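See below for the structure under consideration.
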Amino acid sequence: MREAESRRTANIGRNSDYLSLRSVYHGLFYDRRARDAMDGAGRVLLRDNRRADEHQPIVANLLKAIVDDFISLTSQVPDTKVPPPGTEPSDQEFADLIEKYHYGVAHASRWRLHLKALSWFNSVLGSAAGIVWPDFRRRHAALRIVGPDKVFGTADLIDPFSYSSAAIIESYSPRTILDYFPSKRLRQFVEENTARRAAWWGEGDRVQIVRWFDTEQVVTILGREVTPIRQRKAGESTRIEPLVEMGRVDHGLGVCTVVPFQNFLIPGELRSMSDIEEAVGLNQFINFLLNAHEEGIKQELFAPLVLIDPDKAPEDIDLSNAMEIIPIRKGGDAKRLQGATNAQQVMSSELSRSQSLIEYVTGSSAIRTQGRQPASSIATGRSLEKGQAPQMTRVEYKTDLRSEAIEKMQEISVLMTGSIFRSDDVELFGTKGRSGNLFKVKMKGRDLDGYTYNLVSYPPSMYMGMEQRIVAMEQLMGCDHPMVSVRTA
């Protein structure tokens with residue numbers, strides 16, 4: 001616990017960045033009172049009334065659209081292949097069994113949703129971590145993705161791209177924990193927790209689950225987040241007070257079962273940079289321009305009335321009645337106070353420049369952000385494809401890193417199931433790939449012994465739009481010797 005707490009304290013600064021980046025995804029704005037005010041994570045912008053006139057701010061959240069686009073491009077379930085270790089028919093059968101094991105575990109772990117979460121974590125926060133966890137209900141290893149704000153690990157001495165140990169700290173409701181750990185001691189704690197909630201300054205309704213992973217074991221500890229009164233007054237951070245050790249598993253694999261996922265490979269670091277991190281200021285500038293332009297339009301539509309010699313004008317002037325005749329005595333005059341006339345032109349040019357810089361910084365294609373080929377009267381399929389090349393090369397780079405990490409997770413999954421559930425019946429089902437046939441397989445954990453090699457790949461067609469896929473299939477089918485059949489297409 002001391003080691004986990006020490007690591008969490010050392011990463012307070014970066015975790016604060018993660019909170020800000022979550023807020024950026026939900027939407028941020030600029031106003032005259034708080035330039036850097038950001039919408040809180042999960043808070044709806046429609047309820048935001050921090051502007052002086054209590055109206056909702058104008059938010060052009062280009063970054064959210066860019067993140068969602070990267071998620072759609074990188075979160076598909078990849079293909080897993082297990083080459084046979086030899087040339088005998090039994091080797092092929094063994095490879096097929098392990099391949100079905102990987103697809104079955106992915107289905108049981110709801111891997112499709114975890115990959116969506118992985119893409120979001122990488123694109124917004126810059127990194128994530130995959131956990132290979134023993135599922136004692138289903139009797140096999142399970143796969144899971146968690147955000148970087150919950151992972152505190154150290155790099156391995158020999159393999160700098162892996163963890164030697166890691167602490168995962170997450171917050172849960174005590175009632176949720178009882179569903180998985182229905183012990184007397186834990187139930188007693190929940191009852192005491194409910195009774196003492198007021199004494200714990202409102203912190204009693206959430207508890208912390210600390211999982212410690214190293215090369216030999218996994219330890220799960222139940223704790224609570226506590227802020228002593230002196231520290232609370234001084235504004236210092238909280239600490240986790242351990243309460244119950246909920247479980248301990250000795251896996252003896254010689255490898256940490258937490259795998260880091262980096263958005264971009266930064267040697268010497270296990271946390272990386274997100275797609276939108278460097279574009280936050282640019283998006284904030286766009287929001288400022290839009291809100292300033294709104295104020296300019298209001299001033300132009302409802303420009304103040306300036307009276308020259310007000311004694312010669314009537315006291316009651318109804319500005320809302322366009323048909324009213326306002327008599328002004330000789331020597332007096334009334335004029336509208338007009339603002340700058342070039343504001344629209346300045347805003348348009350600055351918006352265009354800022355959007356282009358955001359696309360450049362995030363590696364996004366204008367074709368995908370705007371849905372068209374900019375500054376071009378003719379848009380051919382080839383020009384559209386070339387226009388997306390910078391984004392597609394970045395996506396290929398991301399999936400390359402991801403394939404390596406998923407292969408590592410699946411290798412650990414085979415080792416863990418073969419070690420912890422060696423004599424248990426493992427029953428799995430699913431489909432091989434995105435269009436494979438449904439299968440159901442039953443095995444013992446020891447049936448997986450001796451071979452962990454696997455290949456994870458993302459096919460090029462996953463980056464194509466529907467029109468590009470149709471054209472590619474027609475070209476493959478239209479050869480003198482067709483390369484694919486009608487059924488395959």
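Treat the numbers as computed from the prediction; the structure is a model and nothing was measured.
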Chi angles and distances behind the side chain to side chain contact (heavy atoms under 4.5 Å, CB included) call for Gln284, Val24: CA-CA 9 Å; Gln284 190 177 27; Val24 167; over 6 Å; no
Sub-3.5 Å donor-acceptor pair from the side chain of [X] to the main-chain atoms of [Y], do we have one?
| X | Y | value |
| --- | --- | --- |
| Arg7 | Phe152 | yes |
| Ser274 | Gly126 | no |
| Ser109 | Val105 | yes |
| Arg271 | Pro148 | yes |
| Thr399 | Glu396 | yes |
| Glu407 | Val456 | yes |
| Asp135 | Arg137 | yes |
| Asn263 | Lys398 | no |
| Gln76 | Ser72 | yes |
| Asp447 | Lys444 | yes |

May I ask you to test the [X]-[Y] pair for a side-chain heavy-atom distance under 4.5 Å?
| X | Y | answer |
| --- | --- | --- |
| Phe439 | Lys100 | yes |
| Tyr458 | Thr74 | no |
| Tyr25 | Asp68 | yes |
| Asp275 | Phe264 | yes |
| Glu359 | Leu62 | no |
| Asp156 | Cys256 | no |
| Glu411 | Val255 | no |
| Ile98 | Tyr453 | no |

Nearest-0.5 Å distance, [atom1] of residue [X] to [atom2] of residue [Y]:
| X | Y | atom1 | atom2 | answer |
| --- | --- | --- | --- | --- |
| Arg139 | Glu427 | CZ | CD | 13.5 Å |
| Leu455 | Gln410 | CG | CD | 10.0 Å |
| Arg22 | Trp120 | CZ | CH2 | 4.0 Å |
| Leu118 | Ser75 | CG | OG | 9.0 Å |
| Asp96 | Gln92 | CG | CD | 4.5 Å |
| His140 | Asp424 | NE2 | CG | 11.0 Å |

Within a radius of less than 6.0 Å around [atom1] of [X], do more than 12 heavy atoms belonging to other residues, nucleotides or ligands occur?
| X | atom1 | value |
| --- | --- | --- |
| Glu404 | CD | no |
| Tyr397 | OH | yes |
| Leu438 | CG | yes |

Taking all atoms of both residues into account, what is the closest heavy-atom pair of [X] and [Y], and its distance?
| X | Y | result |
| --- | --- | --- |
| Leu270 | Pro160 | CD2-O, 3.7 Å |
| Ser364 | Ile66 | OG-CG2, 3.1 Å |
| Gln217 | His251 | N-NE2, 3.4 Å |
| Ala405 | Pro260 | CB-O, 3.9 Å |
| Ile420 | Phe136 | CG2-CE2, 4.0 Å |
| Asp214 | Glu216 | OD1-N, 2.9 Å |

The single option from Thr417, Asn454, Thr80 passing side chain to side chain donor-acceptor pair (under 3.5 Å) against Tyr101: Thr417
Under 3.5 Å side-chain donor-acceptor pair for Arg402 and Ser119: yes
Distance-only donor-acceptor check, side chains Thr154 and Ser164, under 3.5 Å: yes
Salt-bridge present (Glu277, Arg14; N to O < 4.0 Å): yes
Working for side chain to side chain contact (heavy atoms under 4.5 Å, CB included), residues Val67 and Phe70: CA-CA 5 Å; Val67 168; Phe70 272 119; 5.8 Å; no
Ring-ring centroid check Trp111 Tyr103, cutoff 6.0 Å: no
Derivation and outcome, side chain to side chain contact (heavy atoms under 4.5 Å, CB included), residues Val426 and Leu448: CA-CA 11 Å; Val426 179; Leu448 303 173; over 6 Å; no
Pair Leu97-Val82, side chain to side chain contact (heavy atoms under 4.5 Å, CB included): steps then yes or no: CA-CA 9 Å; Leu97 177 70; Val82 178; over 6 Å; no
Whether Phe94 and Tyr451 hold their rings parallel, tilted or perpendicular, with breakpoints at 30° and 60°: tilted
